[in-house]
Each structure stands twice: as structure tokens, then as C-alpha cells.
Amino acid sequence: MTFLFDLFFTLVTSQTHVSDHEITILGISWAQWERCVQESGAYLGRVTAPKEILREIVRCSGRTVSEEDLRRMCGRRILRVWDIVTGVEPEILDTLRALKARGDRLCLVSNADTIDALPWTATPLAPLFDHAVFSCDVHLQKPDPEIYLLAARRMGARPEACVFVGDGGSNELAGAKAVGMRTVQARHFLQRDALGADDTIDRFEDILDIR
């Protein structure tokens, strides 16, 4: 079976101490931060240099920061994402290894900017995945149907033979379902309302029961 996994809130948690987050420098809410990241165009690879990504986020927020604060925000963002992407919980790794051991193939499909993608080669997740599709690299973003179809092609699989697993953010489950994939909402890190889920799991290891 071919599994396509979301990254954030599915394989790793994005929860960090607020005191370490860039929003404490910028002075905006988490919801505003998420909106500005989306509007920056970084997920589509329109801006790629880490400092310029943060500059675009600041611009979208309507706030003004000094160059020193921008540098601090950039440093915090890089360290924060590195810690998140490389700090994978043992239960997640054990479950993915079990999938591989039984012959399943794994592909990552993540909305990500270049800062998010940077730690991938250092994470213990990377050796377990056959391919990784980052939106900033392919200039496609979930829930655009084309990013799912691209991932399926890279895996040499028909969309109908793929299972997409994600927490449901960015309407990703509905996007995968629209191209014929079976969809699983992962709720072990974050429980949210999401459209398009064929199945739900509250423990990550329950993905082993999906056949």
C-alpha cells in the first residue's frame, strides 16, 4: 500500500513554547501569524531566503520591526523548526518502521517553506520515506489536486491506490479525496473539524489497521 503523510501535526507536533516563538517579537496572535505565512507566498516557493521569508511575513502583518529584530526572528524560526522536525516521537518512528517492514511505501506531502524543509535530511523520518514532496519545491500547495497527483506519480501509484494521512489543516483531506485517494484524519496531536475524512485515528499506531 502507498501512504502519503502530511508532516506538521501528523508526524511532528508544531507545539512550542510561546516565549520561544517569533510572534513574541512581532506582537501578533498565532492566527495572524498563520495567515501571514500563507500570504507570504513562501509555501509556493515565491520567496526562499530565510530572512526574506520573515520579511514578507512582517510585511503581511502590517507591523514594523528593526533589522535586528528581523534577524532574531529568523534565528528563532530556524531553530524552532529544526527542533520540531528532528524531534520525532518514538511511537511515530516505530509505526512507520512497521509499515515499511510489511512492505508499504511512504511519501511525504507537506505545505512548507524552505525553512520548514531545511531539516528534512537530518530528521530520522527521512530514511523511512521513498519520496518527500514539499510545496516550496514543486510550487504547488495543498489542497491543490495537482500536488497529490504529483506525489502519486513519483510513487508510481494510481491515486485510488493511495492513502493520504493528515490532521486536516489546509483542507488537505478534501483535496486528497477529490483525486480519489482514501483519506485518514490523524487526531493524535490536534483534534480539529475537517472535511473529507474516510477514517479517523486517535493514536498514530492505529494507521497499521488501515488496509
Side-chain angles (χ1 to χ4, degrees), residues 1-14 43-45 81 84-89 91-190 194 196-201 203-211:
M1 186 175 290
T2 298
F3 284 92
L4 278 57
F5 285 95
D6 170 48
L7 180 57
F8 296 106
F9 291 117
T10 301
L11 300 177
V12 297
T13 177
S14 285
Y43 282 167
L44 289 171
V81 172
I84 290 169
V85 176
T86 59
V88 188
E89 295 187 0
E91 294 81 0
I92 302 288
L93 294 172
D94 289 344
T95 301
L96 294 175
R97 290 186 186 110
L99 289 174
K100 295 292 287 184
R102 75 183 193 188
D104 295 323
R105 302 183 70 230
L106 312 181
C107 180
L108 186 81
V109 184
S110 176
N111 282 354
D113 59 33
T114 54
I115 299 174
D116 297 326
L118 186 64
W120 178 251
T121 55
T123 180
L125 292 167
L128 300 173
F129 279 76
D130 299 284
H131 290 284
V133 177
F134 290 105
S135 63
C136 59
D137 294 332
V138 300
H139 310 294
L140 295 167
Q141 181 177 342
K142 294 178 293 184
D144 186 334
E146 289 302 318
I147 194 169
Y148 305 97
L149 296 175
L150 172 64
R153 287 196 300 271
R154 289 191 176 179
M155 295 295 286
R158 294 178 296 104
E160 304 81 34
C162 296
V163 178
F164 179 83
V165 185
D167 66 278
S170 302
N171 212 23
E172 62 186 357
L173 298 169
K177 191 173 180 66
V179 300
M181 294 180 178
R182 184 177 176 183
T183 56
V184 179
Q185 183 184 12
R187 294 156 49 93
H188 51 286
F189 283 136
L190 182 67
D198 294 317
D199 301 282
T200 61
I201 56 171
R203 301 181 310 159
F204 189 74
E205 56 263 38
D206 290 342
I207 198 68
L208 295 167
D209 297 329
I210 302 295
R211 293 183 178 274

Test item: [X] and [Y] side chains (from C-beta on) under 4.5 Å apart, heavy atoms:
| X | Y | answer |
| --- | --- | --- |
| Leu118 | Val81 | no |
| Glu146 | Leu149 | yes |
| Leu99 | Leu208 | yes |
| Leu108 | Leu11 | yes |

Which heavy atom of [X] sits nearest a heavy atom of [Y], and at what distance?
| X | Y | result |
| --- | --- | --- |
| Gly168 | Ala194 | CA-CB, 3.9 Å |
| Pro159 | Val179 | CB-O, 3.2 Å |
| Asn171 | Pro143 | O-CB, 3.4 Å |
| Ser110 | Leu7 | OG-CB, 3.7 Å |

Given 3.5 Å as the limit, does a donor-acceptor pair link the side chain of [X] with the main chain of [Y], or not?
| X | Y | value |
| --- | --- | --- |
| Thr123 | Val85 | yes |
| Gln185 | Asp167 | yes |
| Thr183 | Gly196 | yes |
| Lys142 | Gly175 | no |
| Ser135 | Ala112 | yes |

Passing candidate, side-chain contact (heavy atoms from CB on, under 4.5 Å) with Leu96, options Leu128, Asp104, Ile207:
Leu128
Report the C-alpha separation of Ile84 and Thr13 in whole Å, then their side-chain angles, then the decisive distance to 0.1 Å, and conclude whether the side-chain contact (heavy atoms from CB on, under 4.5 Å) test is met.
CA-CA 7 Å; Ile84 290 169; Thr13 177; 5.7 Å; no
Who are the salt bridge (charged side-chain N to carboxylate O under 4.0 Å, His left out) partners of [X], not counting sequence neighbours?
| X | answer |
| --- | --- |
| Asp144 | none |
| Arg203 | Glu205, Asp206 |
| Arg105 | none |
| Arg158 | Glu160 |

Pairs involving [range], ordered by first then second residue, that meet salt bridge (charged side-chain N to carboxylate O under 4.0 Å, His left out) (sequence neighbours left out):
| range | value |
| --- | --- |
| residues 111-128 | Arg77-Asp113, Arg77-Asp116 |
| residues 120-140 | Lys100-Asp130 |
| residues 175-189 | Lys177-Asp198, Arg182-Asp199, Arg187-Asp202 |

For residues 159-184, which residue pairs qualify under ring pair (Phe, Tyr, Trp, His ring centres under 6.0 Å), counting only residues two or more places apart or in two chains?
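Matches after skipping sequence neighbours: Tyr148-Phe164.
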Taking side-chain hydrogen bond (donor to acceptor under 3.5 Å, both in side chains) as the test, write out the residues that go with [X], two or more places apart.
| X | value |
| --- | --- |
| Arg211 | none |
| Thr10 | Asp6 |
| Arg153 | none |

Rounded to the nearest 0.5 Å, what's the gap from [atom1] on [X] to [atom2] on [Y]? Could you check?
| X | Y | atom1 | atom2 | answer |
| --- | --- | --- | --- | --- |
| Cys162 | Phe3 | SG | CZ | 10.0 Å |
| Phe129 | Phe5 | CZ | CZ | 6.0 Å |
| Leu4 | Leu106 | CG | CG | 9.5 Å |

Step-by-step side-chain contact (heavy atoms from CB on, under 4.5 Å) determination, His188 to Ile92:
CA-CA 10 Å; His188 51 286; Ile92 302 288; 3.9 Å; yes
Kindly write out the residues that satisfy ring pair (Phe, Tyr, Trp, His ring centres under 6.0 Å) with Phe8, not counting sequence neighbours, or none if the list is empty.
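Scan of Phe8 (ring pair (Phe, Tyr, Trp, His ring centres under 6.0 Å), adjacent residues dropped) gives none.
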Take Leu125 and Trp120 through the side-chain contact (heavy atoms from CB on, under 4.5 Å) test and state the conclusion after the steps.
CA-CA 8 Å; Leu125 292 167; Trp120 178 251; 3.7 Å; yes
